[in-house]
Each structure stands twice: as C-alpha cells, then as structure tokens.
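To find a chain, count down the sequence lines: A is the first, B the second, and so on, and within it residues start at 1. Computed from a prediction, not measured in an experiment: that's the story for all the values here.
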Amino acid sequence: MPDSILVVVEQRDGKLNRVSWETLTAGQALAAATGWTLDAAVVGKEVANLAHEVAAKKVQRSYAVESPRFEPYTPDAFAFGLKQFIESRAPQLVLMPHTYQVRDFVPKLATAMGRTVISDCVGYKKEGDKLLFTRQMFQGKLAADVSFAGPPPWFVTFQNGAFRGDKVETGASAAPVETVKVELGDGVVREKPQAMFKEAKQAVDLTQAEIIVSVGRGIKEQKNIELAKQLAEALGGEIAASRPICDSGWLPMDRQIGSSGQTVAPKLYLALGISGAIQHIVGMKGSRTIIAVNKDSEAPIFEIADYAVVGNLFDVVPPLIEEVKKAKAGS
Amino acid sequence: MPSANGRQLIYTDAFARPLLETASYVELFLKILVGMKQVPQKDAPLKLNESGTWIREDVSYEVNEPDAYALEEALRQKEKHGGEVVVITAGPARAQQVLREALAKGADRAIHLEDTAFVGLDAFNTARAFAAAIQDESFDLIFTGLQSDDYGYAQTGVILAELLGWPHATIIMQIEKKDAGIRVKRELEAGYFQFVDMPLPAVLTIQSGINKLRYATLIGIKQAKNKPLRKVAMADVQSSLSGNLQKIERLYVPQKTKNTEFLEGSAAEIAKKLVDKLRNEVRVL
C-alpha cells in the first residue's frame with residue numbers, strides 16, 4: 001500500500017466547519033509534493049452525507065467514521081475512536097485544523113498512540129526527503145521549522161487561515177465513500193458535556209463594522225480607553241480590543257477580536273498598542289488595511305501591517321484625532 | 001465508585017485514608033498541582049543562539065500568563081474547599097523564581113525539575129518528566145495554563161492527562177466542585193461556552209481571565225522562604241523519558257508577507273501622514 005495522508009475534517013451539527021477546506025487544501029498540496037495518496041475522514045454520529053460532500057474534492061477516498069458516542073463531542077470518544085481508525089489505515093501523515101476542538105483531543109490521541117503532534121502550523125517545506133512544518137513561536141516573534149524525529153503516523157494541525165479554503169481542488173469524479181463504524185464501549189467516555197450556549201446576546205456585531213479601532217496592552221490603564229474611543233468616534237468606527245483588555249474588564253467581552261472573540265475583516269483595522277499575538281491575528285488578518293501603532297519595533301503586528309508607526313500611542317493618537325476631525329470637517 | 005475506565009476512584013482524607021462515598025467529601029480537601037512555566041517577557045527582544053535553534057538565555061523572564069491564572073484558580077479552590085496547592089516547573093535555576101512567586105502568593109510547596117536540558121524537551125517528554133516527578137503523590141486536580149507564550153503547543157496538560165489515564169478538559173473558564181466530581185465551563189470558539197461534568201482526578205487547562213490575579217503580600221513573600229521546595233534532577237526522571245519525537249531544525253525571524261510602510265517623523269507629522277493615507281489610499285475619510 002502506498003503511503004497516504006489523512007485529513008480529518010471538522011463538522012458540527014451536520015455542517016462542515018469551513019476551516020476543513022483549508023486543511024484539505026494543505027493535504028492536496030502535501031500529496032502533490034510527496035506523491036502520497038490523500039484520504040479524508042469525517043467523524044460523527046451519522047456523517048455519510050458529509051463524507052459525500054468531501055468526496056467531491058480531489059481525494060482518493062472519503063471516510064465517514066461513525067459511532068453514536070461521537071455525539072456530543074468528547075475528547076475521550078474522539079481520541080479512542082480515531083485511534084482505532086488511524087491504526088487500521090496506518091497513514092504516514094494525519095492533518096487537522098487547529099480548532100479548539102482539535103486542540104482538545106489531538107494531543108491525547110497522539111499520546112495514546114505514542115506519537116506527537118506538531119501543532120498550530122502555518123505552512124510546510126519539503127527539503128530533500130524531509131518534511132518540515134513551520135510554526136510560530138514566542139507569540140509570533142519567531143518562526144520554527146520543525147521535523148518529526150519518531151515513527152509515523154505524524155500528526156500536524158494547521159492554523160486557521162494558513163491555507164486557502166477556496167483553493168481546494170475538485171476531483172475529476174466523486175471519490176468512493178466508505179463508512180467505518182468504530183466500537184466505543186461503555187465507560188470509555190468519562191466527560192458529560194451539556195449543550196453549548198452563548199453568554200449574552202452580542203450587543204455589537206463587529207463583523208459588520210467598516211472601521212475598527214482596536215486596543216491592546218499598550219493602552220496601559222482603563223482610563224486611557226477613552227482616548228481610543230475618541231479616535232473611533234472621529235473615524236466613525238467601532239472600538240474593539242485584544243483579549244487581555246477584555247479579561248481586565250476594561251471593555252466588554254463582546255468587543256474582543258481573536259480566536260476566542262470575533263473574526264473581522266473591515267476596510268480599516270487600526271491597532272493601538274497591540275503586539276499581535278497569534279490568537280489576536282487570526283481574528284483580524286483579513287482586514288483590507290491594517291495600521292499598527294506600537295512602541296516595540298519587533299511587535300509581530302508589524303508583520304501584517306500595511307502602515308506602521310513605531311512609537312508611543314499616547315503621542316500619536318491625540319494629534320491624529322484632531323487631524324481626522326479637521327479632514328472630516330473639510331470634506 | 002468505579003470510574004469510567006475501570007480504575008477505582010477512592011477519595012482520601014488528609015492522612016490518605018480512604019473515605020466512604022458520602023456527600024461529606026464535597027467539603028473536603030482538594031489537592032491541586034499547578035504546572036507553571038517561565039517564559040521570556042512579552043516585550044523582551046529575542047536573540048537567536050549561534051546554531052539558530054533556540055533563543056539566547058540572556059533575556060528577562062516572567063511567568064507564563066495563563067499559568068498565573070491557573071495558580072490563582074487553584075488558590076481560590078483551596079480557599080473554598082480546603083486542601084493543598086503544589087506548584088511544579090521544569091527549567092534551569094532561573095525558573096525557581098516562578099515557584100517562589102507562587103509560594104509567596106499562597107502555594108504550599110513546590111517541585112522544581114531543575115536542569116537546563118528540560119528547556120529542550122518536547123511536550124511529550126515534558127509531560128513524562130512531570131508524571132515521573134509526581135508518581136508518589138495523589139492529586140485530585142492538575143491545572144496548567146492553556147498554552148505557553150514561548151512554544152505555544154497547547155499540549156503538555158492534555159498529554160499529562162493521557163499519561164496518567166485521567167480525563168481532561170481544555171480552555172476552562174469556571175470550576176465548580178460537585179458531589180461526584182467537578183463541573184467545568186469550557187470556552188469554545190466564536191463566543192460559545194459549554195458546561196462539562198467529569199469525575200476526579202482530572203487535568204484542566206486554564207484560560208486567561210478566568211479570575212482576577214492577586215498580588216503577593218509582604219508576609220506571603222516572607223513565608224515563602226520557609227516553604228518546602230523539592231528539587232528533581234534530570235537523572236531522577238531520565239529513565240521515563242525518550243528521545244524527542246519532534247525537533248526544531250531552525251528558528252528564525254519570520255519573513256514579512258506584507259510590504260509594510262513605516263511612517264516616521266514627529267507625532268504631528270505622523271498624524272498628518274496617517275490622515276493622508278486614510279483619505280487617499282484607504283479611502284475611509
């Protein structure tokens with residue numbers, strides 16, 4: 001049997017998470033680079049229809065890996081069930097999106113198999129016969145190329161946005177779909193999850209905002225938030241923040257941008273005193289224009305900024321508010 | 001009470017005597033281990049070492065932020081239910097600072113896996129080293145931060161749970177002791193949450209912002225000096241470790257993907273330049 005790559009896509013309530021297509025794109029690229037075959041798997045209670053949806057893409061085979069115990073999600077069921085499935089198929093490489101759900105079970109799954117996960121990767125490189133996976137380190141200040149030093153299967157998770165989901169190739173004809181039932185006995189699942197819920201109705205839908213002024217730790221004190229609010233107001237935009245600001249209660253949680261908050265793509269994203277930790281970047285890197293003000297010239301936010309100001313936001317913002325007001329009054 | 005994987009779960013009192021399964025143990029004792037890590041300070045400029053595989057040691061360090069929240073949560077649980085909070089870290093002598101701070105804030109004792117070589121272990125081996133160092137202990141809960149600010153693997157806690165055969169839950173925002181275990185609140189993506197009930201012992205990875213951090217008091221700092229700190233050498237756990245399963249081939253400053261224009265000048269000049277960009281390039285004015 002030739003070596004193979006297995007992409008485990010993510011679904012919830014019978015719908016594929018769109019990040020699944022990104023991971024499939026990664027799988028297709030890696031299959032082309034290595035000459036290995038590419039299979040996909042959907043995991044859930046009854047997911048054959050989703051496996052058919054995936055089978056339309058360029059894959060060799062699409063699996064529906066099913067057990068009644070996969071619903072609702074628990075790390076015990078997913079790790080135990082996927083271990084059975086992966087051991088039976090023995091792929092070289094197992095790819096998954098780096099979602100909250102995957103990070104919850106994939107280290108357990110790999111450990112149960114005596115294997116390792118290179119997590120939260122943003123790309124890969126093939127150097128000779130060696131596969132390297134690139135991941136951000138030190139909150140994005142540095143990058144590392146990481147290789148596997150142990151036997152396969154090798155587990156890799158890719159960061160949201162690392163590959164283009166809309167670039168996933170469609171197959172010449174639909175790939176065969178195979179349903180695999182895994183046995184999960186009583187007592188395997190120790191966690192009892194309740195229904196998912198939202199804390200409060202989100203008062204603001206930042207995804208609709210054209211202009212967002214966002215503050216990070218560099219704002220220093222709660223009272224300084226006012227300055228950023230004035231700038232947002234002058235620009236006709238919304239105020240938002242990185243996680244630490246909301247954790248401190250300086251702005252409500254519904255103003256938070258990032259992996260645990262909202263994902264936005266406004267015309268203008270003005271980042272004040274935001275260093276650009278990965279968890280924040282994933283929530284705003286799709287913005288059309290990014291302006292960043294930060295006193296640390298090495299802040300990762302500058303990597304993705306269109307316009308960068310290395311300096312103290314408290315010096316820059318007051319005259320900026322005045323200039324914006326003047327420009328608006330003049331237009 | 002048989003736990004799900006067939007392992008007998010026995011609650012014990014302070015003297016390790018088994019307790020009968022009654023509602024009374026709700027009020028009892030939680031023995032909590034907190035895994036903590038020392039990481040470079042957030043705005044510390046990092047320099048690569050000569051081989052380009054790690055950073056140079058001469059930077060300022062601080063406690064990994066989510067780990068500080070994990071410690072705070074452990075202290076709060078202890079204050080509520082009674083018990084013991086033990087902190088553990090792996091790293092060179094400098095990492096002891098993290099433990100001292102934790103003891104000053106109220107942790108009861110500390111375990112230091114002390115060796116520079118611990119820095120280079122992958123998450124799998126770090127978890128195995130922790131498991132080996134605590135094999136004679138009996139914790140009800142292990143907390144870790146949800147991920148570290150240096151590697152950012154978000155794995156060590158979950159791996160440790162699997163090595164110990166315990167259930168786990170990640171990205172936790174609330175913990176409540178129940179009759180037969182705990183109820184935790186997991187943070188999910190896009191503003192969703194979920195309560196999960198699970199038996200003890202268990203491993204939880206803690207999200208920043210779960211609580212408000214306390215400061216160490218002067219008296220706490222004083223008392224910390226007399227609290228027990230157990231050192232574990234690499235040789236003590238070596239037999240439990242293997243070669244790393246993954247290897248950092250090189251570390252580097254990432255290439256920019258965007259053509260960033262740096263605006264310079266006085267604050268007033270920068271403000272004017274920005275407005276010019278907003279009007280003529282971004283077209284939002």
Side-chain angles (χ1 to χ4, degrees), chain A residues 75-76 99-100 103-104 107-108 111-112 115-120 132 137-139 141-150 187 189-194 196-199 202 211 243 247 260 267-268 275 289 296 298 302-310 315-316 319-320 323-324 327-328 331, chain B residues 4-6 40 42-43 45-46 122 124 149-155 158-159 162-163 167-171 187-189 191-199 208-209 243-254 256 258 260-263 267-268 270-272 274-275 277 279 282 284-285:
Chain A
D76 278 346
T99 60
Y100 276 28
R103 19 181 306 175
D104 190 55
K108 176 180 169 70
T111 302
R115 300 295 186 267
T116 190
V117 190
I118 302 182
S119 52
D120 206 12
L132 301 175
M137 306 265 292
F138 299 98
Q139 299 279 298
K141 283 185 192 171
L142 297 173
D145 292 340
V146 186
S147 64
F148 286 95
V189 179
R190 296 164 290 183
E191 308 91 10
K192 288 193 189 67
Q194 318 286 318
M196 290 167 49
F197 64 94
K198 273 198 174 177
E199 198 86 290
Q202 275 186 353
I211 297 174
R243 179 160 190 123
D247 280 348
S260 54
K267 261 187 177 170
L268 171 64
S275 64
T289 302
D296 174 10
E298 291 182 27
F302 290 133
E303 301 295 325
I304 60 158
D306 298 277
Y307 301 106
V309 176
V310 180
D315 295 337
V316 178
L320 180 58
E323 289 296 330
V324 168
K328 285 232 167 173
S331 62
Chain B
N5 59 359
K42 283 207 169 54
D43 44 9
L46 304 175
D122 60 14
F124 189 45
D149 285 346
D150 53 1
Y151 281 89
Y153 278 131
Q155 293 191 36
V158 178
I159 294 171
E162 177 62 17
L163 293 176
H168 76 266
T170 55
I171 321 190
E187 180 182 298
L188 308 172
E189 278 147 340
Y192 280 92
F193 295 91
Q194 179 182 47
F195 285 103
V196 180
D197 294 333
M198 56 204 300
S208 293
N244 278 345
L245 296 179
Q246 52 180 281
K247 180 180 173 216
I248 295 174
E249 300 273 348
R250 50 179 172 263
L251 193 67
Y252 50 92
V253 177
K256 289 178 83 70
K258 253 191 180 173
T260 306
E261 186 177 339
F262 281 83
L263 306 178
I270 288 171
K272 281 203 169 66
L274 277 173
V275 165
K277 299 293 180 196
R279 182 185 288 250
V282 192
V284 290
L285 281 183

Honestly, the part of A:Glu298 sitting under 4.5 Å from a heavy atom of chain B is side chain
Under 4.5 Å to a heavy atom of chain B? For A:Asp145 that would be both
Whatever's closer than 4.5 Å to a heavy atom in chain B on A:Arg243 counts as side chain
Cut-off 4.5 Å, heavy atoms of chain B, and the answer for A:Leu142 is both
Between A:Phe302 and A:Val309, the two heavy atoms sitting closest are CZ-O, 3.6 Å
Scored by heavy-atom pairs under 4.5 Å with chain A, the best of B:Val253, B:Leu163, B:Val158 is B:Val158
Whatever's closer than 4.5 Å to a heavy atom in chain B on A:Ile118 counts as both
Given A:Ile304, A:Asp296, A:Asp120, the one with more heavy-atom pairs under 4.5 angstrom with chain B than any other is A:Ile304
Whatever's closer than 4.5 Å to a heavy atom in chain A on B:Ile171 counts as side chain
Handout entry: From CA spacing to verdict: side chain to side chain contact (heavy atoms under 4.5 Å, CB included), B:Tyr151, B:Ile248
Key = CA-CA 11 Å; B:Tyr151 281 89; B:Ile248 295 174; 3.9 Å; yes
Of A:Gly150, A:Ser275, A:Ala144, the largest count of non-hydrogen pairs under 4.5 angstrom with chain B goes to A:Ala144
If one checks every heavy atom of B:Pro40 against chain A at 4.5 Å, the contacting part turns out to be side chain
Under 4.5 Å to a heavy atom of chain A? For B:Asn244 that would be backbone
query = Under 3.5 Å, is there a donor-acceptor pair between the side chain of B:Arg279 and the main chain of A:Ala327?
reply = yes
Which class fits the ring pair B:Phe195 and A:Phe197: parallel under 30°, tilted 30 to 60°, perpendicular over 60°? parallel
B:Gln246 and A:Val117 have their tightest heavy-atom pair at NE2-O, 2.8 Å
Highest number of heavy-atom pairs under 4.5 Å with chain A among B:Ala271, B:Pro45, B:Ala267 belongs to B:Ala271
Applying a strict 4.5 Å limit to non-hydrogen atoms, the region of A:Ser260 in contact with chain B is both
Pair count under 4.5 Å, heavy atoms only, with chain A: among B:Ala268, B:Ser208, B:Ala169, highest is B:Ser208
When every non-hydrogen atom of B:Val284 is compared with those of A:Lys267, the smallest separation belongs to CG1-CD, 4.0 Å
Ranking B:Gln194, B:Met198, B:Lys272, B:Lys42 by heavy-atom pairs under 4.5 Å to chain A gives rank one to B:Gln194
Applying a strict 4.5 Å limit to non-hydrogen atoms, the region of B:Phe193 in contact with chain A is both
Scored by heavy-atom pairs under 4.5 Å with chain A, the best of B:Ile270, B:Leu245, B:Val282 is B:Leu245
Most contact-rich option vs chain B, by heavy-atom pairs under 4.5 angstrom, among A:Ser119, A:Ser147, A:Ala112, is A:Ser147
